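Notes follow once the structure below has been shown.
Computation of the quantities below employed the complete heavy-atom set of this structure, encompassing side-chain atoms and omitting hydrogens, waters and symmetry-equivalent molecules. Everything numeric in this text was worked out from a predicted model, so none of it was measured.
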Amino acid sequence: MTDKTILRALRGEVLPTPPVWMMRQAGRYLPEYRATRAQAGDFLSLCYNPDLAAEVTLQPIRRFGFDAAILFADILLIAQALGADLWFAEGEGPRLSTVTDAAGVAALKPAGAIHDRLSPVYETVAILARELPRETTLIGFAGSPWTVASYMVAGRGTPDQGPAHGFKAADRAAFAALIDLLAEATVEYLSRQVQAGAEVVKLFDSWAGSLKGQDFDDFCVAPNRRIIAALKARHPGLPVIAFPREAGERYIGFARATGADCVALDNSVSPDWAAEKVQVDGCVQGNLDPRHMVTGGAALVHETRRVVEAFRGGPHIFNLGHGITPDADPENVRLMIETVRSAG
Ligand SMILES: Cc1c2[nH]c(c1CCC(=O)O)Cc1[nH]c(c(CCC(=O)O)c1C)Cc1[nH]c(c(CCC(=O)O)c1C)Cc1[nH]c(c(C)c1CCC(=O)O)C2
């Protein structure tokens, strides 16, 4: 188990070629995913069906031989488990009932109540722990509190997280109570994923970039740190990847500030800059622009090599800077993996 390449990189080892996986590697760009999703009926039914969720998690492993599998689920399931209504409007994205004030926060369920709804997710993890190839690392995940809160407050995705910023400005204490509840629930949720067989967990703070100054400290750094400390107290040695997407210069020192073993980088920062400023603290993950999975060709090969080269001096897990998009060509994924693995 300890010779899995991702676990070695997360312990700080510098490997001759970086291990590789991809955000949203199970998804609509794969025809086999679309078929299983149709069988499940809709996206949420797929998330809550352990056999089918395990099946779609395994599809990209079989097709491409990635070094890690990421549990198939969604960061918004925890909002539903806390009492929000959640549905996915076809072709539009998530919709939720909204939490906009102190009374709304008080009406949510306590953190300990999430397991009834989320137990199928733990069952998916248990199936994967049995069925994955022995060299493949199993990654569990959750959304970080700010990012999940931004959907719970707005009731949908927003370009600037305006409604969450509005709640924070109107009643900072009530907003902080929502963040605290989410942090507590996230510890419970990830702890159960680890008990079921997840070997690494990743925290997605996809909207971290819209928090500035003290807000970044209070609502990104602090909750991520608190979750990581609680998980490591319960599961000594558990590796954690944190993804404060579009944090920009706040990527510097983020691993030290939060206790994360690895910081995942989006593609708005240059690999050379990140090698110098972020990788000095330990393992980094990233950060090829996902557009290359659509456009392919010589530019894909060139940019993939550039990412590998930039991070060669330290521990690195190759990934995209954000999720692969539905219009991507699976053959480009194959070319990316071949390029990474022949770059040593
Ligand atoms: C913000 C966010 C969400 N979900 C997630 C994030 C954070 C990462 C990021 O920044 O992208 C995380 C996520 N979502 C999904 C996974 C599974 C694991 C993986 O393969 O990476 C993970 C880790 C499956 C999914 N989650 C979703 C899909 C597409 C659903 C479908 O099949 O129609 C998948 C495969 C749907 C989803 N889920 C969410 C949105 C906004 C959408 C709609 C946008 C879209 O359609 O791509 C919320």
Side-chain angles (χ1 to χ4, degrees), residues 1-10 19-37 39-40 43-78 80-81 114-143 186-204 231 234-235 237-241 243 261-262 264 285 317-320 323-324 330 333 337:
M1 175 183 144
T2 46
D3 52 5
K4 293 186 182 187
T5 51
I6 297 232
L7 298 178
R8 289 170 62 189
L10 288 168
V20 52
W21 69 282
M22 211 172 58
M23 282 185 267
R24 291 278 173 97
Q25 62 190 20
R28 286 163 292 181
Y29 74 106
L30 290 178
E32 59 269 37
Y33 170 85
R34 295 196 298 269
T36 308
R37 187 182 180 286
Q39 194 187 335
F43 174 66
L44 282 178
S45 306
L46 178 55
C47 290
Y48 289 122
N49 182 319
D51 290 321
L52 296 183
E55 167 58 22
V56 295
T57 307
L58 290 165
Q59 285 168 350
I61 308 305
R62 290 191 202 111
R63 191 192 260 257
F64 302 114
F66 284 114
D67 295 293
I70 184 160
L71 162 71
F72 188 85
D74 196 85
I75 65 162
L76 299 178
L77 303 185
I78 202 165
Q80 193 177 31
I114 62 173
H115 302 305
D116 281 350
R117 174 73 77 162
L118 296 173
S119 57
V121 176
Y122 314 142
E123 177 58 24
T124 305
V125 175
I127 295 170
L128 290 166
R130 289 197 299 271
E131 296 198 358
L132 276 170
R134 17 178 341 120
E135 66 276 14
T136 313
T137 301
L138 178 55
I139 303 176
F141 75 92
T186 302
V187 172
E188 297 303 321
Y189 183 39
L190 290 175
S191 191
R192 289 289 180 102
Q193 292 183 29
V194 172
Q195 284 169 10
E199 300 170 280
V200 173
V201 297
K202 178 169 174 184
L203 286 163
F204 285 87
L231 285 171
R234 290 192 198 181
H235 311 282
L238 174 72
V240 181
I241 303 171
F243 183 34
D261 301 271
C262 175
Q285 177 178 281
I317 299 167
F318 192 95
N319 205 306
L320 306 180
I324 187 169
V333 175
I337 296 171

| Do L44 and L77 pass the side-chain contact (heavy atoms from CB on, under 4.5 Å) test, and can you show the C-alpha distance, the side-chain angles, and the key distance before you say yes or no? | CA-CA 9 Å; L44 282 178; L77 303 185; 3.6 Å; yes

| task | Only counting residues at least two apart or in another chain, list the ones meeting side-chain hydrogen bond (donor to acceptor under 3.5 Å, both in side chains) with E32. | result | R63

| task | Identify which one of I114, I78, L118 satisfies the side-chain contact (heavy atoms from CB on, under 4.5 Å) criterion when paired with E188. | result | I114

| task | List for me each residue that meets salt bridge (charged side-chain N to carboxylate O under 4.0 Å, His left out) alongside E131, sequence neighbours excluded, and say none if there are none. | result | none

| message | Applying salt bridge (charged side-chain N to carboxylate O under 4.0 Å, His left out), can you list everything that pairs with R28, at least two apart in sequence or on another chain? | response | none

| request: Might you point out which heavy atoms bring L10 and C262 nearest each other, and give the distance in Å? | output: CD2-CB, 3.4 Å

| query | Where is the tightest heavy-atom contact between A198 and G140, given as atom of each residue plus distance? | reply | CB-N, 3.8 Å

| query | So how far is it from L138 CG to L132 CG, rounded to the nearest 0.5 Å? | reply | 5.5 Å

| So, does Q59 use its side chain to make a donor-acceptor pair with the main chain of Y33 at under 3.5 Å? | yes

| said: Test: ring pair (Phe, Tyr, Trp, His ring centres under 6.0 Å). Region: residues 118-140. Which pairs qualify, not counting sequence neighbours? | reply: H115-Y122

| message | Going by ring-ring contact (aromatic ring centres under 6.0 Å, His included), name the residues that satisfy it together with Y48, two or more places apart in sequence or in a different chain. | response | none

| message | Could you check whether any side-chain heavy atom of P330 comes within less than 4.5 Å of a side-chain heavy atom of L30, counting everything from C-beta outward? | response | yes

| note | R34 meets the salt bridge (charged side-chain N to carboxylate O under 4.0 Å, His left out) criterion, sequence neighbours left out, with none

| message | Taking ring-ring contact (aromatic ring centres under 6.0 Å, His included) as the definition, give me every residue that meets it alongside F318, ordered by chain and number, with sequence neighbours left out. | response | none

| Are I6 and F66 close enough that some pair of their side-chain heavy atoms sits under 4.5 Å apart? | no

| query | When you measure from the side chain of N319 to the backbone N and O of M23, does any donor-acceptor pair fall under 3.5 Å? | reply | yes

| note | side-chain hydrogen bond (donor to acceptor under 3.5 Å, both in side chains) filter on Q25, not counting sequence neighbours, yields none

| Counterpart residues, salt bridge (charged side-chain N to carboxylate O under 4.0 Å, His left out), relative to R24 (two or more places apart) | none

| said: Rounded to the nearest 0.5 Å, what separates atom CG in L238 from atom CD in Q193? | reply: 10.5 Å

| remark: Heavy-atom nearest pair, V56 first then A26, reads O-CB, 3.3 Å

| field | Beyond-backbone contact of Q285 with W21, side-chain heavy atoms, under 4.5 angstrom | value | yes

| message | Keeping T137 on the side-chain end and A68 on the backbone end, is there a donor-acceptor pair under 3.5 Å? | response | no

| message | Please find the pair of heavy atoms, one from K4 and one from E135, that lie closest to each other, and give the distance. | response | CG-O, 3.9 Å

| request: Would you please name every residue forming a side-chain hydrogen bond (donor to acceptor under 3.5 Å, both in side chains) with S191, sequence neighbours left out? | output: R234, H235

| Pick one: which of V240, I241, L190, L71 meets side-chain contact (heavy atoms from CB on, under 4.5 Å) with K202? | I241

| task | Report the residues that fulfil side-chain hydrogen bond (donor to acceptor under 3.5 Å, both in side chains) with S45, sequence neighbours left out, ordered by chain and then residue number. | result | D42

| query | Rounded to the nearest 0.5 Å, how far does CG of D51 lie from CD of E123? | reply | 7.5 Å

| Distance in Å, D67 CG paired with I337 CD1, rounded so as to fall on 0.5 Å steps | 8.5 Å

| field | Closest heavy-atom pair and its distance - A54, I127 | value | CB-CG2, 3.7 Å

| message | Under the rule for ring-ring contact (aromatic ring centres under 6.0 Å, His included), what residues qualify as partners of F141, not counting sequence neighbours? | response | F204

| query | What heavy-atom pair brings P239 and D261 nearest, and what distance separates the two atoms? | reply | CA-OD2, 3.4 Å

| query | Does the side chain of T124 reach to within under 4.5 Å of the side chain of F72, using non-hydrogen atoms? | reply | no

